[in-house]
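Throughout, residue positions are numbered sequentially from 1 according to the sequence presented. It should be emphasised that the depicted structure is a prediction, and the values quoted were computed from it without experimental measurement.
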Amino acid sequence: MNKPTPSQTVGPFFGFALPFEHDYEASAGRNSVRVEGTLTDGQGEPVPDGLIEIWSDDEFARCRTDEEGGFRFVIARPKGNSSGGEAPHLEVAVFARGLLRHLQTRMYFPDDDRSNAADPVLEAVEASRRGTLIAERDGAVLRFDIRLQGERETVFFAI
């Protein structure tokens, strides 16, 4: 019998296997944004043992979720891909208990209505579900909650 791979186990193993303190801080420059959110399961309960990774351009950050499913990042705001018509966005990977493979999604910026409307990936998503991919402004912070299932489930992509 073969040993299970990490993607075949049901964590939580992120807390001890990936010890990192400040990997959520990818950028401290003038163009950086603070992103905060909560990872919740199908019942709306927080997922306290998840791992969220985000990246864009040449920056990468990761954060374990806390006891309330919370995560946070500081990362440079991406410029977008004008040649491909894509609006500025962050790529997001979600690792959590019960997932055999990580989930892939995107976070778009709330103040880019024009470029969001022309983005070919957002355009391919059912209009009623696009809001799950767009962060909400909460003062100086961008709020991006990730819901694994249920009402307002985040749109995930098969890559």
Side-chain angles (χ1 to χ4, degrees), residues 7 14 20 22-66 68-159:
S7 70
F14 303 119
F20 36 82
H22 297 286
D23 278 3
Y24 66 89
E25 297 173 337
S27 178
R30 285 186 296 147
N31 204 23
S32 64
V33 293
R34 184 172 180 91
V35 176
E36 295 180 358
T38 304
L39 178 64
T40 55
D41 65 16
Q43 270 63 65
E45 295 295 318
V47 177
D49 52 3
L51 177 75
I52 311 296
E53 295 180 341
I54 64 172
W55 64 95
S56 178
D57 301 328
D58 61 350
E59 290 199 336
F60 170 84
R62 67 167 47 115
C63 184
R64 292 182 295 211
T65 57
D66 62 21
E68 282 120 32
F71 58 88
R72 68 182 187 274
F73 294 102
V74 178
I75 191 164
R77 183 185 169 104
K79 295 174 182 59
N81 180 353
S82 58
S83 65
E86 292 187 1
H89 64 276
L90 297 171
E91 300 289 344
V92 181
V94 179
F95 300 83
R97 59 183 148 85
L99 298 177
L100 295 180
R101 302 240 182 258
H102 68 281
L103 300 174
Q104 194 74 38
T105 190
R106 286 181 166 193
M107 186 201 94
Y108 289 87
F109 293 84
D111 52 352
D112 282 336
D113 293 336
R114 191 176 189 175
S115 56
N116 286 349
D119 184 276
V121 175
L122 260 180
E123 203 171 72
V125 173
E126 184 180 321
S128 64
R129 299 198 59 212
R130 288 181 195 150
T132 68
L133 298 175
I134 301 172
E136 296 176 6
R137 182 146 312 273
D138 185 9
V141 173
L142 293 177
R143 179 120 194 118
F144 186 67
D145 293 324
I146 301 171
R147 295 167 187 90
L148 296 175
Q149 292 179 320
E151 189 176 331
R152 294 211 17 98
E153 174 184 337
T154 301
V155 172
F156 298 105
F157 300 99
I159 305 283

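- Contact annotation: the side chain of E59 never approaches that of D57 to less than 4.5 Å [non-hydrogen atoms, C-beta and beyond].
- Shown here for W55 and Q104, the closest heavy-atom pair between the two residues is CH2-NE2, 3.1 Å.
- Looking at heavy atoms from C-beta onward, L148 lies in side-chain contact with V94 at the 4.5 angstrom threshold.
- R106 has its side chain within reach of E91: a pair of non-hydrogen atoms, C-beta onward, lies under 4.5 Å apart.
- Of all the heavy atoms in V121 and E86, the pair that sits closest is CG2-OE2, 4.2 Å.
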Sequence neighbours left out, cut at 3.5 Å: what donor-acceptor pairs do the side chains of residues 125-135 make with other protein atoms?
unit_1 : atom_1 : unit_2 : atom_2 : d
E126   : OE2    : S128   : OG     : 2.8
R129   : NH2    : E153   : O      : 3.0
R130   : NE     : L122   : O      : 2.9
R130   : NE     : V125   : O      : 2.9
R130   : NH2    : E123   : O      : 3.1
R130   : NH2    : V125   : O      : 3.1
T132   : OG1    : R129   : O      : 2.9
T132   : OG1    : V155   : N      : 3.2

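- Residues Q149 and G42 come closest through the heavy atom pair CB-CA, 3.6 Å.
- Considering only residues two or more places apart in sequence or on other chains, D112 meets the salt bridge (Lys or Arg N to Asp or Glu O under 4.0 Å) condition with R77.
- Between the CD atom of E151 and the OG1 atom of T40 there is a distance of 11.0 Å, given to the nearest 0.5 Å.
- One finds the CZ atom of R62 at 8.0 Å from the CZ atom of F95 (value rounded to the nearest 0.5 Å).
- Nearest heavy atoms, D66 versus E68: OD1-N, 2.9 Å.
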Check against side chain to side chain contact (heavy atoms under 4.5 Å, CB included), F156 and I146: CA-CA 10 Å; F156 298 105; I146 301 171; 4.0 Å; yes

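- When all heavy atoms are compared, the tightest approach of A87 to D119 is N-OD2, 2.7 Å.
- For the atom pair CD (E136) and CZ (F144), the distance works out to 10.5 Å, reported to the nearest 0.5 Å.
- The shortest side-chain heavy-atom distance between V47 and R97 falls under the 4.5 Å cut-off.
- Rounded to the nearest 0.5 angstrom, R34 CZ and D138 CG are separated by 11.5 Å.
- Annotation: side chain of R143 is not in contact with side chain of P110 (no heavy-atom distance under 4.5 Å).
- Using a 4.5 Å heavy-atom cutoff, the side chains of I75 and V33 are in contact.
- Across all non-hydrogen atoms, the minimal contact from I52 to T65 is CG1-CG2, 4.3 Å.
- Between F109 and S115 the shortest side-chain heavy-atom distance does not fall below 4.5 Å.
- At a threshold of 4.5 Å between non-hydrogen side-chain atoms, the residues L142 and R137 count as touching.
- To the nearest 0.5 Å, atom OG1 of residue T38 and atom CZ of residue R147 are 8.5 Å apart.
- To the nearest 0.5 Å, the span separating OG1 on T105 from CD1 on I54 amounts to 12.5 Å.
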